[in-house]
Amino acid sequence: MSQRIEDYALIGDLHTAALISRTGSLDWACFPRFDSAAAFAAILGDEAHGSWQLGPLGDGTPAPATRRRYVGDTLALESTWVTPGGTLQITDFMPPSEDQTHTPHIVRIVEAIGGRVTVRSRLRPRFDYGLVRPRIMAVGERHVLVAGPDALWLDTTAPTAVFDDVLCSDFTLSEGDRTTFTLTYRDSHRAPPTAIAPETALDRTLAYWEQWAAQCTYRGAFREAVMRSLITLKALTYAPTGGIVAAPTTSLPEDIGGSRNWDYRYCWLRDAAITLSSLLRTGYREEARDWAAWLLRAVAGDPDRLQIMYGITGKRRLPESELSHLPGHLDSRPVRIGNDAAHQLQLDVYGEVTDALDRARQAGLRVDETAADLQIALVEWLEPHWHEPDEGIWEVRGPRRHFVHSKVMAWAAVDRTVKLIESGAAHGPLERWRVLRETIHRDVCEKGYDPKRNTFTQSYGSTELDASLLLIPQMGFLPLDDERVIGTIDAVQRELSTPDGFVLRYPTAGDEQGVDGLEGDEGAFLACSFWLADDLAMIGRNDEARDLFEKLLGLRNDVGLLAEEWDCRRKEQVGNFPQAFSHVALIDTATALERAAAALPDPHNNGAARALNPAGRNR
């Protein structure tokens, strides 16, 4: 496909999601869940792998919409084409539901709002990631597309015919005329779904999102960006369990034409802490409670079997494989489903889980009476293992290393748990773990710090930097005015910044000799760029922080969405899209800048509070 990643917009129903391009083509959708096989996969190939083109009939290639927007604070997408003959508007949405028995619908309402426009629809789903052509049958005034266990039912007021396994509709609308399409997923063995009324469904969809958005407590200068990010996070939530996928897509490349292509339709533990914090800061306690409950269910069991990620239901087995029949987005191969990184050793997740539980507790969010016992068990496992090398926060596929961020997060796990015991909310070897906290802190400061350059390094014995070092002050590992903190921030800004001022995760060697064991390069990591803005605000460089934040806001696409990375050479977004991590970081930075401007502490960030008098070395 020639569409750029950022040319897409998201619609969703809290069970799954779809991506629609500027030209009106639906090029990605999985049914009935985020992690199901795709029925539309053109974004990873071409229209033959599953697409639904809908828009004004032109002379050749479908034209991009003149303008697009979401209708207010909702997830209903409105695309408008101004043509020589008239103006066409298409409203795309998926009616949301938190019901476990929810039936997915994609609704597309087509209306001429001026003049006279001829419209073309070409519906060609291809089940199992583009492999399977369905059989198309007319059932009364409806059409059903069936293949194996899957079926899609089309209800439309447009004249429709079948040509070469494609459902085709060509029709002309005059000003005020309206035509609707509703595509409904159904297990093929079940009775036909009940047809819904598109206009009523739109009213209910708008009301749902407007009521949800009204709960937001953020009233700062960046409300529009924060609200769109919150709506995106909600859209990436699997309502039956509360799990939030990292992105609704797989294998959108971090390096166009390269192999850095991963499946992100799962829930990462490290995302839990920052997402939980963002939801609490902005008034969404119910979503925070559901996310924390998902977290506790997912990690239940032996601490030595803790994974870095789980399926949306808490599933542990996420075997990785390659889909050789798909050419990938802009020939970026391989296309992968599943994620073998689920079984990596990443010590930082122990810190992220305990920090998430600590944030929930500090906010008065009662989740589960066993949460304290789980936290104790996690540190009991961490105590004899914290000194081991691991794959680190970035899930490298090269050799294990003693990553500094991993050790800092191990310290955070012990620190939060010591505080828990001191509060009387749990029992454990308090004095021994106070010593352990001090031991880890000393180890990091002695082995992970380069005094000549006045910066912490990516790993013990390394001279490389890593953007995850920006989290050191945010976790309260050292005071904000410590020269090592300021030196590290300056070093990351100096050595990992792209020419346009955004931040790389770490240096990539462009071949398999790099730290991550992968060929090629990658773009600036947007979450890391937001972290830099956070740190700059924390150390009082507010104008610099705000300038960087506003540059980052400028990278959003026309409907306010962000992918994982920014390719500074191609000047476009890359990576899976939209990316929850990027939107969470946006929310956090917006709220951090508001606090910095008002000189207010963060009631939900215990790490930042402790940074003024941290436990451990400077206690």
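- Within the 3.5 Å criterion, the main-chain N or O of Glu391 finds no donor-acceptor partner in the side chain of Gln346.
- Salt bridge absent: Glu286 and Arg289 never bring a charged side-chain N and a carboxylate O closer than 4.0 Å.
- The shortest side-chain heavy-atom distance between Leu465 and Gln458 does not fall under the 4.5 Å cut-off.
- A donor-acceptor contact shorter than 3.5 Å is absent between the side chain of Thr282 and the backbone of Cys216.
- Donor-acceptor pairing under 3.5 Å is lacking for the side chains of Ser332 and Asn261.
- Salt bridge annotation for Asp348-Arg270: present, with a cationic side-chain nitrogen under 4.0 angstrom from a carboxylate oxygen.
- For Val503 against Ala467, the heavy-atom pair with the smallest separation is CG1-CB, 3.9 Å.
- At a threshold of 4.5 Å between non-hydrogen side-chain atoms, the residues Asp535 and Pro473 count as touching.
- A salt bridge links Arg437 to Asp415: at least one charged side-chain nitrogen sits closer than 4.0 Å to a carboxylate oxygen.
- Using a 4.0 Å cut-off between charged side-chain N and carboxylate O, Arg442 and Glu438 make a salt bridge.
- Just one of Thr455, Leu536, Leu469 meets the side-chain contact (heavy atoms from CB on, under 4.5 Å) condition when paired with Ile489; it is Leu536.
- A distance of 9.5 Å separates OG of Ser278 from CG of Leu586, quoted to the nearest 0.5 Å.
- Checked by atom type, the side-chain pair His102/Asp13 shows a donor-acceptor distance below 3.5 Å.
- Cation-pi check for Arg33 over Tyr238 is met; the charged atom lies under 6.0 angstrom from the ring centroid and within 45 degrees of its normal.
- Residues Arg265 and Asp35 are not paired through a salt bridge, judged by the lack of any N-O separation under 4.0 Å between the basic side chain and the carboxylate.
- In this structure, the side chains of Leu436 and Pro429 stay at 4.5 Å or more apart for every pair of heavy atoms.
- Taking the charged nitrogens against the carboxylate oxygens, Glu422 and Arg434 do have a contact shorter than 4.0 Å, which makes a salt bridge.
- Taking 4.0 Å as the cut-off between side-chain N and carboxylate O, Lys234 and Glu98 count as a salt-bridged pair.
- The side-chain hydrogen bond (donor to acceptor under 3.5 Å, both in side chains) test applied to Arg541 returns Asp490, Gln493, Glu544, not counting sequence neighbours.
- Applying the side-chain contact (heavy atoms from CB on, under 4.5 Å) criterion to Thr370, with sequence neighbours excluded, gives Asp368.
- Ion pairing of Asp390 with Arg401 is absent here, as no side-chain N (NZ or NE/NH1/NH2) approaches a carboxylate O to less than 4.0 Å.
- Between the side chain of Thr250 and the backbone N or O of Arg336 there is at least one donor-acceptor pair closer than 3.5 Å.
- Side chain to side chain, Trp212 and Glu287 meet the donor-acceptor criterion of an N or O pair below 3.5 Å.
- With no hydrogens or angles considered, a side-chain donor-acceptor pair links Thr417 and Gln375 at under 3.5 Å.
- Between Phe456 and Val408 there is no side-chain heavy-atom pair separated by less than 4.5 Å.
- Residues Thr232 and Arg228 have side chains that never bring a donor and an acceptor to within less than 3.5 angstrom of each other.
- When all heavy atoms of Ala372 and Ala425 are compared, the pair lying nearest together is CB-O, 3.9 Å.
- Residues Trp381 and Tyr350 place their aromatic rings such that the two centres sit under 6.0 Å apart.
- For Ser468 and His405, the side-chain atoms include no donor-acceptor pair closer than 3.5 Å.
- Taking the six-membered ring where the residue is Trp, Trp411 and His441 present perpendicular rings, their angle passing 60° and hence far from 30°.
- Among residues at least two apart or in separate chains, salt bridge (Lys or Arg N to Asp or Glu O under 4.0 Å) pairs with a member in residues 448-464 are Asp450-Arg453, Arg453-Glu495.
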**Message:** Run Trp394 and Phe403 through ring-ring contact (aromatic ring centres under 6.0 Å, His included) and show every step you take.
**Reply:** CA-CA 10 Å; Trp394 306 128; Phe403 288 103; 9.7 Å; no

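- For Glu383 and Trp433, the side-chain atoms include at least one donor-acceptor pair closer than 3.5 Å.
- Rounding to the nearest 0.5 Å gives a distance of 6.0 Å between CH2 of Trp291 and OG1 of Thr275.
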